[in-house]
Amino acid sequence: MELNVYNTPFKKKKPFVPLNGNKVGMYVCGVTVYDMCHIGHARSLMVFDIISRYLRRKGYDLTYVRNFTDIDDKIIARANALETSYREVADRYIDEFNTDMEILGVRHADIEPKATDHIGDIIEMVRILVEKGLAYRAEDGSVYFSVAKFKGYGSLSGRRIEEMIAGARVDIGELKRDPLDFALWKASKVGEPSWDSPWSKGRPGWHIECSAMSTRFLGPTLDIHGGGRDLIFPHHENETAQSEGAYGVPFVRNWIHNGFVTVNGEKMSKSLGNFMTIRELTRDVHPEVLRLLVLSNHYRSPIDFSRDALNTSRNSLVRFYEMLDRVNRATATGDASRLEAHIGTFLAAIDEAMADDFNTARAMASLHDLTTKVNRSLDNDPRLSEGDRRQLARAVEEIVEVFGILAEDPGLFLDTVKRGDVQETGLSEQEILRLIDERNQARKAKDFKRADEIRDTLKAKGIQLKDSPGGTLWEKKP
RNA sequence: GGCGGCAUAGCCAAGUGGUAAGGCGACGGUCUGCAAAACCGUUAUUCACCGGUUCAAAUCCGGUUGCCGCCUCCA
């Protein structure tokens, strides 16, 4: 299936054609490490995790680069507030980030460069821009990019220079020649971390690090550059100006921007204070539930985050795992395959969905279809052939590899997720089991009144019973 | 103010020209002592509104309304 990808500046999908045959270079803007990551970050990280997994599965020779911005105003501010060094702040939150990614099952990028490890590359790039007359040194030793000198500024975000001038502003103390100019190199004040450069002791501006590091690892033209929608302007616009200004070749062949996580329709962000950190959420929500929520929406659409939305995802995930659990429990039969055709259809459907601009929502619909078909088949005949078991294992492997869900043992997953925190019910597991036992004795004695009474009591405490051939099971209803 | 995006059933959500995926919920059925789960069936003649193009429009064009984002740090 031919891969079609939506490209931000063209506003439409087109066939994905890497610059060099099968090789794909993908750069995604990572995080600024000054605080814990929230669910909005999680979505972006998951989206590109899934895209990278799919590209690899598709056979592309992918090099995925995701940076850490480890020097910046906010990191310095945080370090000052904590009376520590910028380095300690950055390193601490890089550790926290890595822990979050491990929790979320987001794989490491191939290369995860830090801005401060590439000061030399950054200075070299700024030097080229100054040499070409696209940048200038201001009085204080800072270096600014001269926006007016770069033709094509605004083409990514669809803005014209004249339109931007009105809205532009200049901070006090900035020595720009033009309000639209942006800093490539910031001269440092006393006490701030700094590096030597031909212009001043200082530190890199935000935008230049991505240009410098992406070029270092992937060359001057990227096949894919990704990030959140909010980075389109000015960050990605500025990266384009820097890179194309310096090297004279197209910077990015495919811009991919993910939609926001919103809360009550508003963007989740630090400044609005309506955020929830990854760590907080995953204390009582299984990471795959969040992943399924992300997968159930198209990557460019907003996701309105709520407990309700989370619950819906949880229920779907439980449905998938219960199907897998049934499969595991099914007795063997030597009969011919009943599921092979369904599984073939499913695998083709998810590839088709993903090849169409990474349409994970459609892929999840196919997974629901497959689940229904497997359940139906097992309703008709609870036995399963070896061939079907193998095919199904293959399908699950594909799901795990591309989407990062259904990676857990079904029995274990259902235990932890369905039973959750027993404490909340006000009963101990022992008490629950005792009541179930008492109810089953009543049932045996055909005392259904007493049996139903017990079931209702448990239900009132949020515990749902399920009588199955193997005995009575219980779960906590969210 | 400028630029951009979105508007699909009770809710969530796919769908960019060929006659509305999927999930949740609800209702009916099979199964069950009764439930739960699973399965089967029903649940949008219609895609914010008004015009237009077309044999054909949720999809394209123009306008209106509402919501959101960017223009300052932001995934």
Side-chain angles (χ1 to χ4, degrees), chain A residues 8 11-13 28-32 34 37-48 66 69 72-74 77 154 157-160 162-169 171 180 206 226-235 237 257-262 264-272 275 292-293 296-298 300-304 306 308-309 311-316 318-319 322-323 326 349 353 356 359-369 371-380 382 443 446-449 451-452 455-456 459 464-468 472-475 477:
Chain A
T8 303
K11 300 189 178 83
K12 58 181 165 206
K13 302 175 204 170
V28 174
C29 291
V31 295
T32 300
Y34 74 103
C37 287
H38 58 63
I39 295 157
H41 298 115
R43 180 188 191 184
S44 186
L45 270 334
M46 282 181 170
V47 162
F48 290 103
R66 185 182 60 217
T69 298
D72 135 291
D73 289 347
K74 275 184 300 206
S157 54
R159 292 154 205 259
R160 283 185 312 237
E162 311 84 74
E163 284 159 353
M164 287 184 272
I165 291 172
R169 60 170 220 184
D171 284 335
L180 291 181
W206 174 37
R229 287 189 87 83
D230 49 355
L231 298 183
I232 294 173
F233 190 89
H235 186 51
E237 195 71 70
H257 290 103
N258 67 275
F260 298 132
V261 172
T262 61
N264 295 324
E266 275 186 323
K267 178 181 170 183
M268 179 179 284
S269 71
K270 288 271 165 64
S271 42
L272 286 172
F275 64 93
L292 182 58
L293 177 61
S296 301
N297 293 66
H298 188 89
R300 280 186 276 114
S301 307
I303 295 180
D304 205 46
S306 65
D308 249 26
N311 256 334
T312 301
S313 294
R314 191 207 90 117
N315 291 342
S316 292
V318 166
R319 179 171 134 85
E322 283 198 314
M323 177 270 287
R326 277 184 87 176
D356 183 13
N359 196 327
T360 54
R362 225 160 69 204
M364 290 305 103
S366 299
L367 181 53
H368 270 110
D369 281 345
T371 302
T372 301
K373 282 167 182 156
V374 172
N375 277 330
R376 185 195 296 156
S377 175
L378 289 173
D379 274 1
N380 290 335
R443 285 173 70 209
K446 304 247 185 253
D447 181 1
F448 295 122
K449 188 165 165 267
D452 289 351
R455 189 173 58 200
D456 290 346
K459 194 170 184 179
Q464 177 68 56
L465 298 186
K466 177 178 168 183
D467 296 323
S468 78
T472 301
L473 304 172
W474 65 274
E475 67 181 89
K477 279 286 176 191

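Numbered from 1 within each chain, the chains take letters A, B, ... in sequence-line order. It should be emphasised that the depicted structure is a prediction, and the values quoted were computed from it without experimental measurement.
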For this session: Measure the spacing between CG of A:D467 and CZ of A:R443 and express it to the nearest 0.5 Å.
Result: 3.5 Å

Problem set entry | Rounded distance in Å - CD (A:E266) to C1' (B:C6) | 16 Å

Exercise. Once you round it to whole Å, what is the distance between C1' of B:C68 and CG of A:D230?
Worked result: 13 Å

Seminar exercise, completed: The contact string for nucleotides 11-22 of chain B, one letter per nucleotide 5' to 3', using protein heavy atoms under 4.0 Å with B, S and - for base, sugar-phosphate only and none, comes out as --SSSS----BS

For this session: At under 4.0 Å between heavy atoms, which parts of nucleotides 58-63 of chain B does protein reach? Answer with one letter per nucleotide, 5' to 3': B base, S sugar-phosphate only, - none.
Result: ------

For this session: For A:D304 and A:N264, indicate whether the former's side chain and the latter's backbone hold a donor-acceptor pair under 3.5 Å.
Result: yes

Exercise. Could you state the CG-C1' distance from A:N380 to B:C39, rounded to the nearest angstrom?
Worked result: 8 Å

Exercise. What about A:D456, does its side chain sit under 3.5 Å from the base of B:C34 through a donor-acceptor pair?
Worked result: no

Problem set entry | A:N380, CG atom: more than 12 neighbouring heavy atoms under 6.0 Å | yes

For this session: Can you check whether any acceptor in the base of B:G4 is under 3.5 Å from a donor in the side chain of A:R159, or vice versa?
Result: no

Exercise. Counting N and O atoms only, with roles assigned by atom type, does the side chain of A:N359 sit under 3.5 Å from a partner on the main chain of A:R362, one being a donor and the other an acceptor?
Worked result: yes

For this session: Verify, without hydrogens or angle tests, whether A:T312 (side chain) and A:D308 (backbone) share a donor-acceptor contact under 3.5 angstrom.
Result: yes

For this session: Would you indicate what A:V47 reaches in the nucleic acid, counting non-hydrogen atoms under 4.0 angstrom: base, sugar-phosphate, or nothing?
Result: nothing

Problem set entry | Contacts of A:K459 that satisfy side chain to side chain contact (heavy atoms under 4.5 Å, CB included) - sequence neighbours left out | A:Q464

Exercise. Relative to the 5' end of RNA chain B, which residue comes earlier, A:L231 or A:R376, by the nucleotide with the nearest heavy atom?
Worked result: A:R376

Problem set entry | Closest to side chain of A:K267, choosing from B:C39, B:A36, B:C70 | B:C70

Problem set entry | A:F233 CZ - B:C70 P separation (whole Å) | 13 Å

Exercise. Relative to A:F233, does A:R159 satisfy both conditions: NZ or CZ under 6.0 angstrom from the six-membered ring centre, and within 45 degrees of the ring's axis?
Worked result: yes

For this session: May I have the distance from A:D379 (atom CG) to B:A37 (atom P), rounded to whole angstrom?
Result: 14 Å

For this session: Applying side chain to side chain contact (heavy atoms under 4.5 Å, CB included), name anything that partners A:N375, two or more places apart in sequence or on another chain.
Result: A:R319, A:M323, A:R326, A:T371

Exercise. Counting side-chain heavy atoms from CB outward, which of B:C34, B:A75, B:G5 is closest to A:R229?
Worked result: B:G5

For this session: Specify the residue among A:D72 and A:L272 whose closest nucleotide of RNA chain B lies further upstream toward the 5′ end.
Result: A:L272

Exercise. Counting any heavy atom closer than 4.0 Å, what does A:G154 reach on the DNA or RNA strands: base, sugar-phosphate only, or nothing?
Worked result: nothing

Seminar exercise, completed: Out of B:A36, B:C73, B:A75, minimum distance to the side chain of A:K74 belongs to B:C73

Exercise. Is A:S377 reaching over with its side chain to a backbone N or O of A:K373, donor-acceptor style, under 3.5 angstrom?
Worked result: no

Exercise. Do the side-chain N or O atoms of A:T372 get closer than 4.0 angstrom to the phosphate oxygens (OP1, OP2) of B:C39?
Worked result: yes

For this session: Determine: side-chain N/O of A:N258 to OP1/OP2 of B:A75, distance under 4.0 Å, yes or no.
Result: no

Problem set entry | Under-4.0 Å salt bridge between A:D452 and A:R455 | yes

Exercise. What are the two closest heavy atoms between A:C37 and A:V31, and how far apart are they?
Worked result: SG-CG1, 4.1 Å

Seminar exercise, completed: Whole-Å distance, A:E322 CD to B:C39 C1', equals 14 Å

Exercise. Would you say the side-chain atoms of A:R229 pair up with the backbone N or O of A:F260, donor to acceptor, closer than 3.5 Å?
Worked result: no

Problem set entry | All side chain to side chain contact (heavy atoms under 4.5 Å, CB included) counterparts of A:T360, not counting sequence neighbours | A:I50, A:L295, A:M354, A:F403

Exercise. For the pair made of CG in A:D452 and P in B:A36, what is the distance, rounded to whole Å?
Worked result: 12 Å

Problem set entry | Between B:A9 and B:G52 - P atom distance, rounded Å | 25 Å

Exercise. What nucleic acid atoms does A:R160 come within less than 4.0 Å of, heavy atoms only: base, sugar-phosphate, or nothing?
Worked result: nothing

For this session: Could you check which of B:C73, B:A36, B:A75 has an atom nearest any side-chain atom of A:Q464?
Result: B:A36

Seminar exercise, completed: Stems in RNA chain B, runs of 3 or more consecutive Watson-Crick or G-U wobble pairs with both distances under 3.5 Å, sorted by first number, are B:1-7 with B:65-71, B:10-12 with B:22-24, B:25-30 with B:38-43, B:48-52 with B:60-64

For this session: Return yes if the base of B:C34 and the side-chain atoms of A:R455 contain a donor-acceptor N/O pair under 3.5 Å, otherwise no.
Result: yes

Exercise. When you measure from the side chain of A:F260, which nucleotide among B:A36, B:A75, B:C34 comes out closest?
Worked result: B:A75

Exercise. Rounded to whole angstroms, how far apart are CE on A:M323 and C1' on B:A38?
Worked result: 12 Å

Exercise. What interatomic distance, in whole Å, is found between P of B:G29 and the corresponding atom of B:G69?
Worked result: 47 Å

